[in-house]
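Since the structure comes first, as structure tokens, the remarks are kept for the end.
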Amino acid sequence: MPSSWNSLRDDFPILHQQVNGKPLVYLDNAATTQKPRVVIEALSHFYERDNANVHRGLHALSMRSTDHYENARSKLARFINAQAPEEIVFTRGTTESINLVAASWGSANLKAGDVILLTEMEHHSNIVPWQLIAQRTGAKLRYIPITGDDGLLDLSQIDRLLTPEVKLFAFTHVSNTLGTINPAAELCARARKAGALTLVDAAQSIGHMPVDVRALGCDFLAFSGHKMAGVAGIGVLYGRRELLDAMPPYQGGGGMINHVELFESSWKPSPERFEAGTPNFADAYALGVACDYLEGIGRARIKSHDGELAERAYRALGELPGIRLIGPPGERGGLVSFALRDVHAHDVVTFADQDGIALRGGHHCNQPLMKKLGLASTARASFYLYNTAEEIDVLVASLRRTIRFFGG
Ligand code: C6P
């Protein structure tokens, strides 16, 4: 375990560079996190020593590669406390995981009159797949509202909205724009009581806090490797085994069949059923290494570190003239969104970049949320285990210069 958070920065080669003549301050971790050296080296070692296709060969390299891939699955199962590795389906990321459930479970289980319950703070990845399947099946979408700029779910509405027509309730664990940490276990329990399945979008929680599918009591959970110190192009769909084994395939191809005839085929059980074609085995292996890295630090510790930075940033930014802070004033995930009066979020981000600071500006794939807040965009600073309190000071000083430039 590291003696100090600052020493962890040495694990991340990319952080040690200048951008526009200033030390890089990377505050765009909600978009993607940086990768520790152990993950980068694991990938290059894999390609230097072990690379071969998985589940297909009887030669040594293929068996080694298959072992790496299946060991990674077991690690991911332990990482989220799933009952069995078979409950872990490797996908390209959160977006593909949610599309898989919407297309596969949705096509087999939804009909006209059914309802999918979502929330107003969902990322487009947890809205559009449901719109697509609703159009195909005649099911309807329904939304739990948020309370306002403090960005909490209006839980007083939940009993009214969780009617017997609701077949599935899909919600984000942590909002990528508001920073709200939703009471996921309570939401799952209430949905279960009302007879609905649950899908938790863990894109913004998985690398930042302990995530235990059995403690949450969810039926499905989706996340991306690149937001948890792994690389892009690999992610996970967790599903309870009996649900996955009852769902039809999402895509057809090699690896997912038991037997193929010219006019019909039969499928393997989960997870192979949902992994048609050559899977992203090298990046899955590297994701297992990322899990080990995060476990070595401790996810409860990461949660308090990121949360403390976000609360500190919320307080410090709150003192800037003309700022509108979005999201809960109290406990929050590791990010802060804000709008500066008279300054477009893209200008905020461009000016920060001149000071070596990486922020994100835009609608963050939350257009319905932006509309609700009456905003076109926000700027967002998002933190991870290698960020420091000093970097928040650098951000605040830079924003003061931006505000002065625009006459604030
Ligand atoms: N949010 C952000 O900057 P993918 O692209 O599949 O890895 O993750 C999609 C996704 C789903 N749900 C939530 C809550 C998310 O935050 C994201 C990705 C990035 O906020 C890119 S828009």
Side-chain angles (χ1 to χ4, degrees), residues 26-35 76 89-103 118-132 143-144 146 151 153 170-182 184 187 198-209 211 218 220-238 250 280 283-284 286-287 290 306 310 326-327 332-338 345-346 348-349 352 358-370 373 375 377-384:
Y26 186 78
L27 300 180
D28 195 15
N29 294 287
T32 198
T33 65
Q34 298 303 347
K35 323 303 172 200
L76 264 302
V89 178
F90 282 118
T91 63
R92 282 191 299 131
T94 312
T95 303
E96 189 174 54
S97 297
I98 298 173
N99 274 281
L100 193 165
V101 178
L118 305 170
T119 85
E120 282 182 347
M121 66 171 82
E122 296 313 310
H123 187 278
H124 296 168
S125 295
N126 201 23
I127 296 177
V128 184
W130 302 112
Q131 291 175 344
L132 293 173
Y143 289 88
I144 298 186
I146 61 157
L153 285 183
F171 62 91
T172 193
H173 195 179
V174 174
S175 159
N176 66 317
T177 293
L178 302 162
T180 313
I181 305 175
N182 284 319
L187 295 176
T198 46
L199 181 147
V200 177
D201 173 351
Q204 296 295 347
S205 59
I206 188 73
H208 296 263
M209 58 186 68
V211 173
C218 60
F220 298 105
L221 183 106
F223 57 92
S224 304
H226 70 98
K227 293 189 198 289
M228 52 173 289
V231 300
I234 189 75
V236 166
L237 170 68
Y238 157 82
Y250 172 52
N280 188 355
D283 294 344
L287 183 56
D306 296 355
I326 313 297
R332 52 172 46 244
L335 63 93
V336 178
S337 279
F338 56 95
H346 287 170
V348 174
V349 173
L359 299 178
R360 184 166 177 206
H363 54 62
H364 314 295
C365 300
N366 278 136
Q367 283 182 351
L369 174 64
M370 290 290 157
L373 296 171
L375 286 165
S377 58
T378 67
R380 182 186 70 188
S382 52
F383 308 101
Y384 207 28

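Just so you know, ligand 1 is whichever comes first in the structure, and atom 1 is the first atom listed for that ligand. Heavy atoms only: backbone and side chains are in, while hydrogens, waters and symmetry mates are out.
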Apply side chain to side chain contact (heavy atoms under 4.5 Å, CB included) to residues I181 and M209 and explain how you reach the verdict.
CA-CA 11 Å; I181 305 175; M209 58 186 68; 4.1 Å; yes

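Once rounded to the nearest 0.5 Å, the distance linking OG1 of T172 with CE of M121 reads 8.0 Å. Atoms CG and OG1, from N280 and T91 in turn, are 10.0 Å apart once rounded to the nearest 0.5 Å.
If you look at H208 and H173, their ring centroids are not closer than 6.0 Å.
The minimum heavy-atom distance between G225 and L287, with the atom names listed, is CA-CD1, 3.6 Å. L369 approaches E120 most closely through the heavy-atom pair CB-O, 3.6 Å.
Around ligand 1, the residues contributing at least one heavy atom under 4.0 Å from the ligand are A30, A31, T94, T95, H123, S125, T172, N176, D201, A203, Q204, S224, H226, K227, R360, C365, R380.
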